[in-house]
Each structure stands twice: as C-alpha cells, then as structure tokens.
Amino acid sequence: MCFEKVKAPDPVFDFYYDFDRVDGDYLQRLGAGGNWAIDGELLEFIQDHLPKGSAGIPDPTKQVNIVARITLESYYATLDESGSPVSKSARALVEEGRHTAFFSACGFFYVRSLRYSSTFMALFQFAGLPSDEDERLEQMLRAGLFELGSGQSTGEMERLAQALGMKIFVRGVGLGHSSKLANLVPTNLKELRQSIESAAELMQAATSGRIIAMEIAPWIEHPDLRSFFFSKPVPGESTFGRSQNMELNSQVVTAINQGRAHLLEEYYLSSLCRRDLLEYYPIEKSDYSGHFDVVYDPQRTTFQNHHHPNEVERRITLQEFRDYFEKYPPRVFLEKANRFMYGAGGHEGAEGCVTALLKEGLDRADFTKFKPCVDALRNIEVQDRFLRNFCLPTPVTRVYKAAAP
C-alpha cells in the first residue's frame, strides 16, 4: 500500500522429489524438520492414514507404508526497488520528518521477496510381505512411478498391488485453480501418473502456492527514502557514523514494536484458547455448558503437544490445562504488554525510548544512553512455550464422566 507501483521479475522454481518408507525414525525426522510448512504437512497427511496403536499413536508397523512427495518452491514477487517507487503520500511523511506517522502507516519493513510452496503427496499402503518381496515392490514403485504406461513391469506391478490390496492416498497443497480436479483422484497406479502430471501443471500456475517465507528490508534502505531519513549534515561531518546510528536505532524501534506485537498476540491466543477449553471441554454442569449432555474427566482426558505430537510424555491432562489458565489468565499478557509499553513502578516503558530517539533523531541518537531503551531491550520476553505447544486445544483421549445433577 505504500508503493506507487511494484515491479517484480518472473519467478524461478526449485523442484524436490522424495520417496521413502515410513517407519518410526522417518516420522521423528519429519516432526523435527526445520521447515514445518513443508514437513509438517506431510507428517499430518501420513498420521491421518496410519492405523492407531496404543494410546492413539499412529503405528507404521501395522503394514508397509511408502510415501512419495513432489514439492515445487517458487521465488516470486522479488521486488525491484529501482522500478518500485514509494507512493507520494508515504514519501511526503518522510520528507516532512513525520517518521512516527510513516512507520505507523507502512510498518518498519517492506516485503522484498516471497517464497511459495506447492506439494503433491501420495501414500502407498499394503499388507506386509517377506522382506525381499517388500523391497522388490518398493523398487518397482520407485522406478516406475513416473514411467507408468504400458509394458510388462507395469502390468506386474498392477497385479501385485491388487493382490496385496494396496491403497493409495493423495493430497495436494497449494495447487492452482483448475476444472480438471478429477485428474487428481487416481484409482490405480496407472491413473496416478495422470494425477502427477496434472498436479505438476497446477503447481506452475501463477496463482498457486502457499507463502512459506518472506524476505523483508528496512525502509531506511529503500533508495527513494534513505536520504530523507537523515537530517542535513554539518559541514565536514562524516555520514558513516550517522548511518550506523540510523540502522541501530531503527532496529531498536523494530524490536520494541515486535515485542509489543508478540505480547498482544499471546493475549489474543490465550483468550481464544481458554474460551475454547472452557466451552468445549467442561468438567461439570454449569450455565455456559448446560447444553452438553456429557462432561469430561479432567484427569484422564489428554491434549496433544503440537510441537511433539508423537511423544506421550509431553501431553497434558485437562486438569493441567485448566490449572495453567487459573495461574496465568489472559489478562496477565495484556498487563505485560501495557507495562512493557507504558512502564510501571517509576519506569518509563518502551514508549519513552521511542519518543527520545525520534526527538533527537534516529541518525544522531545513541540508544545506549537512554535508560528506557536499555530497560525495554532487557525486558523483551520470549514467546510463552505453553501457548505455543498446546493452543488451540487438540484432544488425544476423551474420557467422559457422569454429569452431576
């Protein structure tokens, strides 16, 4: 919204293909993957179709599971600053020295590039065979997945798949729009080839993909604005130190803004999580849950740890969930955000830091000499791990108890 126009070159693509047998180690690697947007989607897909063992944990040992995944990543909308001028109204704010108004309207960063991802996954599931037969079928699938058509090997693979009662599950994520959806639903191995071709075509559509990463840049580096962020130099004054001040002070203001945003996000998430827990998982009859015909056993009803979904030890009971919100109700996070910004107990708060920096000038001020700035950076807190791990509530085991009259 702060650009007059945006010029971006054509996107470039990266292509990945994975073919693996699913076992406990493989699921653990996916769960610990660095790219949750990609590996997390595959982990969820596999777990949805694995038979459940003890304690409701997906058990890959009940039959043979082989997964194939095609991933297309596009680097799209990479901004060309020389051809993307800032809008006149936004530029006027910087020219007039109204930096606070500019940052409030445009933020502290602009998006320089985006990365999108599209994925097509197929899960092959069949009864176990002697180990040599398992490996033979796996090799046939690996070699023939993109070469299905006619031939003796294809017919042999189809007959073996039918004899084993093979099931094929597919999922597409971030595909473009098409009227040929039927091509994405295979009923046998031969049709899977058509599904792969259709998915690959839809992945390359301009409207396809989900954003998985973005590159951002501070506004002070944009060539249209950089000169206006600096006050006029004194004759003979070096601009090197002032550039360093501008960069450091902008990072301080950005860190304060992000700290406040994180605290408010925790407040919103905490409020929504607590409301869902009390509304949908009552432990006794009351006015707000009177329409429920059952109530939950708080000691035996358990909830998943979203970052460690396969580890039973990391789950919590409904009672522990409720105890957390008794000790840390949502207002705690709102109070933290207010104290951080406006101070308490004789401390100015982060707002005093921002005011002081802007008053002296971001290119001249030294944030280390302002106590509110030092205090604000020291008091920026990390995200609450409990909310990150358990909200919103995802039950694993539901145990009901008789409702009190």
Side-chain angles (χ1 to χ4, degrees), residues 1-2 36-37 40 99-111 211-220 247-280 303-308 314 316 320-359 362 365 367-394:
M1 60 178 291
C2 291
W36 178 252
H99 296 160
T100 302
F102 172 81
F103 289 131
S104 297
C106 301
F108 294 94
F109 299 90
Y110 62 92
V111 178
I211 295 176
I212 60 171
M214 67 172 58
E215 177 193 5
I216 59 176
W219 279 109
I220 63 171
E247 182 174 350
L248 291 174
N249 290 329
S250 296
Q251 293 297 326
V252 171
V253 176
T254 300
I256 290 173
N257 183 64
Q258 291 176 340
R260 174 182 175 274
H262 287 160
L263 288 171
L264 290 178
E265 287 172 2
E266 289 184 337
Y267 166 68
Y268 300 139
L269 178 58
S270 176
S271 298
L272 183 59
C273 188
R274 179 180 179 273
R275 186 187 68 184
D276 280 11
L277 191 72
L278 297 182
E279 181 176 355
Y280 296 112
F303 291 84
Q304 183 185 81
N305 184 315
H306 298 306
H307 282 70
H308 306 278
R314 293 179 181 262
I316 61 172
E320 290 173 320
F321 220 146
R322 295 174 67 94
D323 289 344
Y324 172 84
F325 285 114
E326 285 293 326
K327 187 175 182 180
Y328 302 104
R331 69 172 183 275
V332 168
F333 299 100
L334 184 58
E335 292 169 354
K336 283 183 179 180
N338 288 333
R339 287 197 303 270
F340 176 71
M341 287 303 300
Y342 308 117
H347 297 281
E348 289 188 54
E351 187 180 43
C353 168
V354 177
T355 300
L357 292 178
L358 294 177
K359 182 178 180 179
L362 293 178
F367 75 90
T368 63
K369 296 182 179 179
F370 297 102
K371 189 175 185 301
C373 295
V374 177
D375 291 342
L377 295 177
R378 183 184 295 120
N379 293 329
I380 292 178
E381 299 184 12
V382 297
Q383 188 178 15
D384 186 273
R385 292 181 61 188
F386 183 92
L387 297 178
R388 186 176 65 226
N389 287 339
F390 296 105
C391 291
L392 295 172
T394 301

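Hydrogens, waters and symmetry mates are skipped; everything else that's a heavy atom, side chains included, is used. Along the sequence shown, residues carry numbers from 1. Note that the structure is a prediction, hence the values are computed from the model and not measured.
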Q: Working to the nearest 0.5 Å, report the span between CD of E265 and CZ of R260.
A: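 CZ of R260 is found 10.5 Å from CD of E265.
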
Q: For a side chain to side chain contact (heavy atoms under 4.5 Å, CB included) check, start with the C-alpha distance between L264 and L334, then their side-chain angles and the critical distance, and finish with the verdict.
A: CA-CA 6 Å; L264 290 178; L334 184 58; 4.1 Å; yes

Q: Does the E266 side chain pair with the main chain of D384, one donor and one acceptor, at a distance under 3.5 Å?
A: yes

Q: Kindly compute the distance separating CD (E351) from CG (N338), expressed to the nearest 0.5 Å.
A: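 Rounded to the nearest 0.5 Å, the CD-CG separation comes to 11.0 Å.
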
Q: How long is the gap from CG on L248 to CZ on F367, to the nearest 0.5 Å?
A: 6.0 Å

Q: For the CZ atom on F109, are there more than 12 heavy atoms of other groups (residues, nucleotides or ligands in this structure) within a distance under 6.0 Å?
A: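 Enclosed: over 12 neighbouring heavy atoms sit under 6.0 Å from CZ of F109.
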
Q: Is there a donor-acceptor contact under 3.5 Å from the side chain of W219 to the main chain of C106?
A: yes

Q: Given 3.5 Å as the limit, does a donor-acceptor pair link the side chain of D276 with the main chain of L392, or not?
A: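 No; judged by distance alone, with no hydrogens or angles, the pair does not exist.
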
Q: Should Y110 and C2 count as side-chain neighbours, where that means a heavy-atom distance under 4.5 Å?
A: no

Q: Less than 4.5 Å apart, any side-chain heavy atom of F370 and any of V354?
A: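 SC-SC contact between F370 and V354 ruled out.
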
Q: Report the distance from atom OH of Y267 to atom CZ of R331, rounding to the nearest 0.5 Å.
A: 11.0 Å

Q: How long is the gap from CG on N389 to CZ on R314, to the nearest 0.5 Å?
A: 8.0 Å

Q: Do you know which two heavy atoms are closest between N249 and A365, and how far apart they sit?
A: ND2-O, 2.8 Å

Q: I'd like to check T254 versus P218 (side-chain heavy atoms, cut-off strictly below 4.5 Å). Are they in contact?
A: no

Q: Any idea which heavy atoms bring R322 and L278 closest together, and the distance?
A: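 Scanning both residues completely, I find the closest heavy atoms to be NH1-CD2, 3.4 Å.
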
Q: Specify the closest pair of heavy atoms between H306 and T394, including all atoms of both residues, with the distance to one decimal.
A: CE1-OG1, 2.8 Å

Q: Please evaluate residues L277 and F303 with respect to the criterion side chain to side chain contact (heavy atoms under 4.5 Å, CB included), reporting the C-alpha separation (whole Å), side-chain torsions for both, the decisive distance (0.1 Å), and the verdict.
A: CA-CA 11 Å; L277 191 72; F303 291 84; 4.0 Å; yes

Q: Would C273 and F325 count as a side chain to side chain contact (heavy atoms under 4.5 Å, CB included) if you check the C-alpha gap in whole Å, the side-chain angles of each, and the deciding distance to 0.1 Å?
A: CA-CA 9 Å; C273 188; F325 285 114; 3.8 Å; yes

Q: Is it the case that atom CZ in R388 sees more than 12 heavy atoms from other parts of the structure closer than 6.0 Å?
A: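 For R388, atom CZ is crowded (more than 12 foreign heavy atoms under 6.0 Å).
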
Q: Step by step, would you call I256 with V252 a side chain to side chain contact (heavy atoms under 4.5 Å, CB included)?
A: CA-CA 6 Å; I256 290 173; V252 171; 4.1 Å; yes

Q: P372 and G352: which non-hydrogen atoms are nearest, and at how many Å?
A: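 Smallest heavy-atom distance, with atoms named: CB-C, 4.0 Å.
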
Q: Atom CD1 in I316, atom CZ in F390: separation rounded to 0.5 Å?
A: 4.5 Å

Q: Side chains of L387 and F333: closer than 4.5 Å at any heavy-atom pair?
A: yes

Q: Identify the heavy atoms of A255 and L377 that sit nearest to each other, and give their distance.
A: CB-CD2, 4.2 Å

Q: Could you tell me which residues satisfy salt bridge (charged side-chain N to carboxylate O under 4.0 Å, His left out) with R378, sequence neighbours excluded, listed by chain and number?
A: D375

Q: Below 4.5 Å, heavy atoms only, C-beta onward: do P329 and V332 meet side chain to side chain?
A: yes

